Amino acid sequence: MSLTDDITTPGSAIPGPATPYQGDIARYWDHEARPVNLRLGDVDGLYHHHYGIGEIDRAAIGDAADSEREKKVIAELHRLESAQADVLLDHLGDIRADSTLVDAGCGRGGSMVMAHQRFGCRVEGMTLSTQQADFGNKRASELGIGEFVRSRVANMLDMPFENGSIAGSWNNESSMYVDLHDLFAEHSRVLSVGGRYVTITGCWNPKYGQPSKWVSQINAHFECNIHSRREYLRAMADNRLVPQAVIDLTPDTLPYWELRNTTSLVTGIEEAFIESYKDGSFQYVLIAADRV
């Protein structure tokens, strides 16, 4: 079955942003071309827009005197971000080849490619950025999987899918751009009963009291609005998404940030991530929930 015979009903025109803020986000990502995203993706052609988890392979990156060290560090950072995507996909459970998955906030589509390679199924991506959608579709075509992996310009709060038609869906570091109740209501609508939703996200820690100065810096840098972990769980409960796993990945992501901070790819936001993870005001969390 091809994507032209699918369960979606896309219009011929690209939808415009629904709000001025969505327009701001679309423009932000249309013009984004950070080396930290593109050079890491150039390692093997999987272009991600999220961070990494896992221990650093010190043998793989060599020592400071190694003339190839920067190249090796970039490859290691990319390995860690692909490892993060693998962990997300692990929590989708058993997905059949005739299923459809949704990546809400798909970026340039790296996780979608990995999902199709693992499950053999169709994967639909939503992004507000025309540039990201075009990039993802071109890459899928180059890999010969354009029939199964598609990015489109669409609003994750108003997905072009029928009720209960999706086997699994996720947000990978994209939920901080929307209201959580609106987001989870839409995931709940499109997921089949028993379907699995997974998010990996940074969230501020309610035990800290309020968002720290580091969290405020991250919000300003990415033009987003980071939510608390409590808000995620409450909004899921309100929208028939029952958590099956809540995993604190903070200790697992800190090595990625500390390594990235040693490279030429720094963007200036690394300190905020490192310090907020260390002082406990910010957490990196995976939540997997079933639609009931």
Side-chain angles (χ1 to χ4, degrees), residues 8 15-26 28-29 49-50 85 88-89 91-92 100-107 109 111-112 115 123-129 132-133 151-204 206 211 215 218-219 222-247 249 282-292:
T8 66
T19 65
Y21 175 69
Q22 286 189 1
D24 290 342
I25 298 306
Y28 179 96
W29 289 108
H49 280 271
H50 58 257
L88 186 151
L89 297 178
H91 284 83
L92 284 174
T100 299
L101 300 175
V102 169
D103 183 348
C106 62
S111 297
M112 298 167 63
V123 190
E124 293 269 1
M126 312 284 108
T127 175
L128 292 173
S129 168
Q132 287 186 341
S151 302
R152 68 171 75 190
V153 180
N155 183 353
M156 69 173 76
L157 303 182
D158 185 19
M159 300 186 210
F161 307 111
E162 296 177 3
N163 295 352
S165 59
I166 302 301
S169 61
W170 70 84
N171 285 94
N172 197 352
E173 297 182 21
S174 56
S175 55
M176 64 287 296
Y177 287 102
V178 293
D179 177 88
L180 291 180
H181 279 83
D182 293 343
L183 176 68
F184 295 150
E186 187 64 355
H187 278 287
S188 183
R189 181 187 70 80
V190 302
L191 282 169
S192 60
V193 174
R196 172 65 60 86
Y197 170 77
V198 181
T199 185
I200 295 181
T201 186
C203 55
W204 66 268
V215 172
I218 296 168
N219 277 334
F222 293 105
E223 299 183 23
C224 64
N225 179 34
I226 293 167
H227 310 287
S228 72
R229 185 172 65 178
R230 181 180 298 150
E231 290 175 279
Y232 279 92
L233 298 174
R234 183 178 298 142
M236 286 182 180
D238 289 344
N239 288 286
R240 306 187 69 177
L241 294 171
V242 178
Q244 305 300 306
V246 180
I247 302 171
L249 297 172
F282 194 45
Q283 296 176 309
Y284 200 51
V285 175
L286 179 149
I287 306 173
D290 285 347
R291 166 68 163 88
V292 298

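What you are looking at is a predicted structure, and each value in this text was computed from that prediction instead of being measured. For the single chain, residues carry numbers from 1 onward in sequence order.
- Panel note: side chain D182, backbone L157; no donor-acceptor pair is recorded below 3.5 Å.
- Side chains of S228 and C203 form no contact here, defined as non-hydrogen atoms less than 4.5 Å apart.
- Looking at every heavy atom in both residues, G23 comes nearest to P17 through N-CB, 3.4 Å.
- Side-chain atoms of R291 come within 3.5 Å of backbone atoms of S188 as a donor-acceptor pair (strictly under, hydrogens ignored).
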Give the intermediate values and the outcome of side chain to side chain contact (heavy atoms under 4.5 Å, CB included) for residues D290 and Q244. CA-CA 7 Å; D290 285 347; Q244 305 300 306; 3.5 Å; yes
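- A 4.5 Å side-chain heavy-atom check between V285 and Y232 finds every atom pair outside the cut-off.
- The CG atom of L180 sits 3.5 Å away from the NE2 atom of H227 when rounded to the nearest 0.5 Å.
- The side-chain heavy atoms of L286 and V246, taken from C-beta on, include no pair separated by under 4.5 Å.
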CA sep, side-chain torsions, deciding dist, call: D238, H181, side chain to side chain donor-acceptor pair (under 3.5 Å): CA-CA 8 Å; D238 289 344; H181 279 83; 2.8 Å; yes
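- The shortest side-chain heavy-atom distance between I218 and M176 does not fall under the 4.5 Å cut-off.
- Taken to the nearest 0.5 Å, the CG atom of L128 stands 11.5 Å off from the CH2 atom of W29.
- Taken to the nearest 0.5 Å, the SG atom of C224 stands 8.5 Å off from the OH atom of Y28.
- Counting only heavy atoms from C-beta outward, the side chains of F161 and M126 approach each other to under 4.5 Å.
- Residues L191 and L241 form a side-chain contact, since some pair of their non-hydrogen atoms from C-beta on lies under 4.5 Å apart.
- Contact detail for A104 and M159: the closest heavy-atom pair is CB-CE, 4.3 Å.
- Judged purely by atom type and a 3.5 angstrom limit, N219 uses its side chain to pair as donor or acceptor with the backbone of I226.
- Using a 3.5 Å distance cut-off with no hydrogens or angles, the side chains of Q132 and T127 do pair a donor with an acceptor.
- Inter-residue side-chain proximity for V198 and I287 is flagged as unmet; no heavy-atom pair is nearer than 4.5 Å.
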Between S175 and L183, does the side chain to side chain contact (heavy atoms under 4.5 Å, CB included) criterion hold? Intermediate values first, please. CA-CA 8 Å; S175 55; L183 176 68; 3.8 Å; yes
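- Put simply, the side chain of H187 never gets that close to the backbone of R196: no donor and acceptor are under 3.5 Å apart.
- Atom CD of E124 and atom CG of L101 lie 10.0 Å apart (nearest 0.5 Å).
- With D103 as the fixed residue, the side chain to side chain contact (heavy atoms under 4.5 Å, CB included) test singles out one of S174, S169, S111, S151: S111.
- With a 4.5 Å cut-off on side-chain heavy atoms, I200 and L249 count as touching.
- Looking at residues two or more places apart in sequence or on another chain, you find a side-chain contact (heavy atoms from CB on, under 4.5 Å) between V292 and R240, V242.
- Under the side-chain contact (heavy atoms from CB on, under 4.5 Å) criterion, A237 pairs with no residue, sequence neighbours left out.
- For the atom pair CZ of F282 and CZ of R229, the computed distance is 12.5 Å after rounding to the nearest 0.5 Å.
- With sequence neighbours excluded, no residue satisfies ring pair (Phe, Tyr, Trp, His ring centres under 6.0 Å) with H91.
- If you look at Y197 and F184, their ring centroids are closer than 6.0 Å.
- Checking side-chain atoms of Q22 against main-chain N and O of A18 turns up a donor-acceptor pair under 3.5 Å.
- Taking 4.0 Å as the cut-off between side-chain N and carboxylate O, E186 and R189 count as a salt-bridged pair.
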